[in-house]
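Chain letters run A, B, ... following the sequence lines, proteins first, then strands; residues in each count from 1. All of these numbers come straight from a predicted model, not from anything done at the bench.
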Amino acid sequence: MADGPTPASAEAREALKAAMARLADGDRSALEDIYRATRVKLFGICLRILGDRKEAEDALQDVYVNLWQRADRYDPTRASPISWLATFARNRAIDRLRTGKVRGGAVPVEEAAPLPDQAPLADSLLVDAEQTAQIHTCLEGLDENARGHIRAAFFDGKTYAELAETADVPLGTMKSWIRRGLQRLRACLEASE
Amino acid sequence: MSDENDMDGEDIKRDDPMLAAEFSLGLLEGEELLAARGKLASDPDFAWRKEWWDNWFAPWTDEISGAEPSADVWGEIEARVLAASGQEASGLDAANVVELQSKVRRWQWVSALTTAAAVAALALVVVPAGTETIPTPGATEAPQIAAADPLVAQVPIGDTGLRLDVTYMPESERMLVGAIGLTADGVHDHELWLVPADGSALQSLGVVTPGEVRSVTLPAEITQNMGSGVELVLTREPIGGKPVDQDAGPVVAQGAFTQV
């Protein structure tokens with residue numbers, strides 16, 4: 001997990017950065033390059049959140065159409081292209097969940113879950129090995145309960161209410177657990193910067 | 001868990017960085033989500049913190065298995081991009097004209113308020129999607145509006161150069177919403193919301209009609225919240241506006257009233 005980027009992936013990252021810059025300049029062909037390089041990772045994210053291929057493909061379309069329309073939103077000084085794109089895709093997928101296009105329960109969690117959190121496919125770009133190591137270190141500092149629920153929020157797009165229901169605890173209890181975890185997480189991450 | 005007593009969720013200070021974390025994780029829904037989205041657009045510190053969390057959480061996506069979408073997805077993206085580009089190209093050519101026209105239109109509204117009734121008579125009547133909307137807590141200190149001075153707001157739509165022009169006339173309690181130059185995409189509607197200055201729930205001002213100026217009489221529970229500086233947000237919704245039992249869609253634009 002903490003292995004440094006291989007030369008091949010460093011090259012892929014540079015190519016992606018260049019394509020993002022071309023896209024911001026209005027070069028439409030850049031979009032296809034970006035799609036080829038990132039679709040596997042971004043579709044994986046949409047599929048994980050939405051749990052339905054059709055919905056995930058619709059979300060994926062939105063991601064790239066939006067990207068084309070608003071390529072200027074990406075700020076290379078704040079995030080790597082793949083980190084930003086991954087966040088963008090996840091946000092779009094969660095938007096779809098929240099706006100009710102996908103009913104929260106349309107796809108049972110059990111059905112969505114079988115996608116294994118195994119090693120990513122070889123051609124999907126990794127975000128950042130160093131950052132990955134740091135957030136994992138900080139997460140280890142949380143109690144297991146908070147960590148588990150924060151993960152479920154991230155990977156399954158669960159709201160406080162849904163997490164509380166799943167865990168069969170009052171909403172306030174769930175908020176306490178997660179907020180306490182987030183507070184510790186923030187302190188740890190800030191200390192690492 | 002060490003402290004089983006702290007069960008109200010309020011024992012941890014919910015400052016802006018905490019709210020940003022909750023927003024970034026996707027824990028928020030309903031009004032809280034809408035409020036966070038509004039804050040994102042208006043509060044740079046909050047936007048910075050949201051991105052800070054996003055960047056820390058992003059490596060987690062490396063744990064998610066990749067997956068290959070169907071082969072036809074790219075073709076559909078390309079078709080949508082081409083269609084959007086066609087519209088954009090003609091829009092760009094006319095950008096200056098649109099800008100000028102909307103300025104003129106705004107001044108016409110402001111300077112010709114006596115004819116507003118006539119304009120209103122010509123326009124279709126909007127039924128505020130709002131009869132069901134979000135419940136309003138008891139009225140607190142509503143902003144005071146001096147006499148009959150109208151309020152105007154521009155709500156720019158992204159960086160398209162297009163915008164909504166909203167004019168509210170206290171005298172008649174009528175609001176005009178102009179969405180000229182906007183075109184419907186056939187998939188979404190856009191709903192306009194008032195963001196009461198007292199921090200209470202957003203109030204629906206109805207679904208925007210692309211390409212038209214519409215007039216609507218506002219109920220007292222909304223007019224009491226009207227005032228200079230009061231914000232408006234525009235959300236993207238399914239056709240017909242926010243479904244009763246669902247959360248509002250993403251905020252796509254916002255603006256604020258000023259008195260003229």
> Which region of B:W48, side chain (C-beta onward) or backbone (N, CA, C, O), has a non-hydrogen atom less than 4.5 Å from a non-hydrogen atom of chain A, or is it both or neither?
Replying inline: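 Contact with chain A: backbone and side chain both.
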> Is chain A contacted by the side chain of B:T235, its backbone, both, or neither, given a heavy-atom distance below 4.5 Å?
Replying inline: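 No part of B:T235 comes within 4.5 Å of chain A.
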Between atom [atom1] of [X] and atom [atom2] of [Y], what is the distance when rounded to the nearest 0.5 Å?
X      : Y     : atom1 : atom2 : value
B:F57  : A:T87 : CZ    : OG1   : 10.5 Å
A:S83  : B:W56 : OG    : CH2   : 10.5 Å
A:H136 : B:W60 : NE2   : CH2   : 8.0 Å
A:R78  : B:D54 : CZ    : CG    : 9.0 Å
B:F23  : A:N91 : CZ    : CG    : 7.5 Å
B:I77  : A:R39 : CD1   : CZ    : 10.5 Å

> Pick from A:L60, A:I150, A:I178: which one has the most heavy-atom pairs with chain B under 4.5 Å?
Replying inline: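 The option with the most such pairs is A:I150.
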>> Counting heavy-atom pairs under 4.5 Å with chain B, which one of A:L139, A:V169, A:V63, A:D75 comes out on top?
In response: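 Going by pairs under 4.5 Å, I would pick A:L139.
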> Taking NZ, NE, NH1 and NH2 as the nitrogens, is one of them in B:E22 or A:R186 under 4.0 Å from a carboxylate oxygen of the other?
Replying inline: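 No, no charged N to carboxylate O under 4.0 Å.
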>> Could you check whether B:D15 pairs with A:R179 (Lys NZ or Arg NE/NH1/NH2 to Asp/Glu carboxylate O, under 4.0 Å)?
In response: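 Salt bridge absent between B:D15 and A:R179.
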Find out whether [X] and [Y] are in side-chain contact, i.e. whether some heavy atom of one side chain is under 4.5 Å from a heavy atom of the other.
X      : Y     : result
A:L163 : B:L27 : yes
B:I64  : A:K41 : no
B:E76  : A:V65 : no
B:V81  : A:Y64 : no
A:R48  : B:T61 : no

[X] portion near chain B, given a 4.5 angstrom heavy-atom threshold:
X      : answer
A:E144 : neither
A:R92  : side chain
A:E193 : side chain
A:A89  : neither
A:Y160 : both

> Nearest heavy-atom pair of B:N55 and A:A79: which atoms, and what distance?
Replying inline: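 Smallest interatomic distance, heavy atoms only, reads OD1-CB, 3.3 Å.
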> Which atom pair, heavy atoms only, marks the closest approach of A:L182 to B:A21?
Replying inline: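 Between these two residues, the closest heavy atoms are CD1-CB, 4.0 Å.
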> Hey, does the side chain of A:R90 reach the backbone of B:L25 with a donor-acceptor pair shorter than 3.5 angstrom?
Replying inline: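 Answer holds: yes.
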>> Please evaluate residues B:W52 and A:L189 with respect to the criterion side-chain contact (heavy atoms from CB on, under 4.5 Å), reporting the C-alpha separation (whole Å), side-chain torsions for both, the decisive distance (0.1 Å), and the verdict.
In response: CA-CA 10 Å; B:W52 184 86; A:L189 292 172; 3.7 Å; yes
>> Can you confirm whether more than 12 heavy atoms, excluding those of A:E190, are under 6.0 Å from its CD atom?
In response: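 Counting other residues, nucleotides and ligands, CD of A:E190 exceeds 12 neighbours.
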> Near B:D72 CG, under 6.0 Å, is it more than 12 heavy atoms from other residues, nucleotides or ligands?
Replying inline: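 It does: B:D72 CG has more than 12 such atoms within range.
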>> Run the side-chain contact (heavy atoms from CB on, under 4.5 Å) test on B:E29 and A:I94 for me, step by step, so that the C-alpha distance in whole Å, both residues' side-chain angles and the decisive distance to 0.1 Å come before the verdict.
In response: CA-CA 10 Å; B:E29 57 187 322; A:I94 288 187; over 6 Å; no
> Passes side-chain contact (heavy atoms from CB on, under 4.5 Å), B:E63 versus A:F154? Steps please.
Replying inline: CA-CA 11 Å; B:E63 288 185 36; A:F154 186 86; over 6 Å; no
